[in-house]
Number of protein chains: 2
Amino acid sequence: MDVERRVRLNRDRVLRAAVSLADEIGIEALSMRRLAQELDVVPMALYKHVQNKEELLDGMVEMIVGEIDPPVRDADWKSAVRQRVLSARRALQRHPWARQVVESRTTKTPAVLDYMDSFTGMFLAGGFSVDLTHHVMHAIGGRMWGFTQELFDDTASPQAEPSAEVPAEVRAAMLEQMAARYPNIVAIATSMDHDDDSVVSHGCDDQFEFEFALDLLLDGFERLRDQGWTSRAARRGGGSPAA
Amino acid sequence: MDVERRVRLNRDRVLRAAVSLADEIGIEALSMRRLAQELDVVPMALYKHVQNKEELLDGMVEMIVGEIDPPVRDADWKSAVRQRVLSARRALQRHPWARQVVESRTTKTPAVLDYMDSFTGMFLAGGFSVDLTHHVMHAIGGRMWGFTQELFDDTASPQAEPSAEVPAEVRAAMLEQMAARYPNIVAIATSMDHDDDSVVSHGCDDQFEFEFALDLLLDGFERLRDQGWTSRAARRGGGSPAA
DNA sequence: ACCTGAACACCGTTCAAGT
DNA sequence: ACCTGAACACCGTTCAAGT
């Protein structure tokens, strides 16, 4: 009966299984018990390799951070930062739950600190003062992980299920009602593809939106650096950073 | 025995109680059962006024959104947006759990849509094209709710408990070790107050950081508007929005 | 050193019943 | 119309025990 001797559990196997199980069944369905079951092991066996569920989640984040490319060599700061952020974005996008989990983590593990430190270093190497780098890091915030704060969450199940049953005329009536109550939202939501060949609309190009905001920030950072911005002067002057 | 007849429950009372209970005990400790207990009622009594816990959370968000001031009248778009965002920030900051809950909501309730619609309207009224407004709304993202993506979460309990027991020399050694491994993080973290009179450091001025990023974006938006930016041209041109 | 089993103190939510 | 009670199918985690 001992023939099919189970492979020994270890931290790496646990984390790897957790990541792919979360990919499969979603993060809210990932429980210690469900994960144990997946590994053909009793729930408490996991606790030898991970102190508790929090540490499991921390470990899952470390796995993902490990997928982010190191900074490219011999590039100016701007394209180095840009490429790194886009690499982080690619890594995080492979796992639909990653964003939520990264944001929920309060303790920073070494792998995360490594990433942040080297990210910070790209600005310092690019001629940014320590002071400006500090504020720039705050401003870029979650974008260093490759995500924007979503306005409407496209990943989750939409408010109402897609067409399917709803007849076209009902949908039109719904849109009209929406447009009456929320004219501005409807205007920008349907703005896309208006002057384009595609007609179906409702496809926000997430990647475009992400790069739009990222480049806006990077350009702003550059301008401040070139102006010799300091927080001291900004505080004295009050108002806008670029003022 | 019926003398102290309980006040009738209603949706508003449930939501109000949920908000202040979350303020007290934290959002992760807020359960339907705990809330029921607070209202001197059996858990299932809540389900007459709220379909399930998700709807309870949606309702809590609506409560908070109700605290945001309407747009100021007779102001240019920039200061109108700015003041509104800062008002949202004040409202959300009254409830430590608000940020997390707002971000987790996937269905938008009417109150939330109202806020987003009127927020969008401030840009349109300010002479922004529908196209640019669309991207601008994405770029401002969570900042319309008054929060930045935090780098280090100051609200949660810090990694190690504050000094308390740790002797000064140990703390110094720890900092040295940190500085050896994460030189850039330590540099920007200790940059503050260097040329200032306060000495204790470690006080990031959250409000300053928030306004720094906000103004950077608002200035960027203005520049694009004045340039007659269109996403069409940007896509054709590739790269940076301000290019 | 690693895994197990039973138990504890919780969850959200159903269903059928009470007033 | 509103509230109750008991039950179901889950959680994360403890403790003491097994190999």
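Chain identifiers are assigned alphabetically (A, B, ...) following the order of the sequence lines, protein sequences preceding nucleic acid strands; residue numbering begins at 1 within each chain.
Distance from the side chain of B:Val42 is smallest for D:dT4 among the nucleotides D:dT4, C:dC11, D:dT13. Counting only heavy atoms from C-beta on, B:Ala45 has its side chain closest to D:dT4 among C:dC3, D:dT4, D:dA7. If you check D:dG12, C:dT4, C:dC11 against the side chain of A:Lys53, the one that comes closest is D:dG12. Proximity note for A:Asn52 (side chain, C-beta onward) versus C:dC3, D:dC2, D:dT13: the nearest is D:dT13. Taking only side-chain atoms of B:Tyr47, from C-beta outward, the nucleotide of C:dT13, D:dG12, D:dC11 with the closest atom is C:dT13. With C:dT4, C:dT13, D:dC11 as the candidates, the nucleotide lying closest to the side chain of B:Pro43 is C:dT13. The side chain of B:Arg8 has D:dC2 as its nearest neighbour among D:dG12, C:dT4, D:dC2.
Atom-to-atom, CZ of B:Arg13 to C1' of D:dC3 comes out at 13 Å; the value is rounded to the nearest Å. Atom CZ of B:Arg11 is separated from atom P of D:dA1 by 19 Å (rounded to the nearest Å). In this structure, NE2 of B:His49 is placed 6 Å from P of D:dC2, rounded to the nearest angstrom. Distance, B:Glu28 CD to D:dG12 C1': 15 Å, rounded to whole Å.
Rounded to the nearest 0.5 Å, atoms CZ (A:Arg90) and CD (A:Glu67) are 11.5 Å apart. Atoms CD and CG, on B:Gln51 and B:Asp58 in that order, are 11.0 Å from each other to the nearest 0.5 Å.
Using the Watson-Crick or G-U wobble rule with both distances under 3.5 Å, D:dC2 pairs with C:dG18. Nucleotide D:dG12: paired with C:dC8 (Watson-Crick or G-U wobble, both distances less than 3.5 Å).
Under a 4.0 Å N-O distance rule, the pair A:Glu55/A:Arg11 qualifies as a salt bridge. A salt bridge links A:Arg82 with A:Glu211; the closest basic N to acidic carboxylate O contact falls under 4.0 Å.
Where A:Met44 and A:Ala29 meet DNA chain D, the nucleotide closest to each residue was compared, and A:Ala29 sits on the side nearer the 5' end. Residue B:Leu9 is the one, among B:Leu9 and A:Met32, whose nearest nucleotide of DNA chain D lies closer to the 5' end (criterion: closest heavy atom).
Between A:Lys48 and C:dC3, a side-chain N or O to OP1/OP2 separation shorter than 4.0 Å is absent.
Checked against the 6.0 Å centroid criterion, the rings of A:His135 and B:Phe208 qualify as a close aromatic pair.
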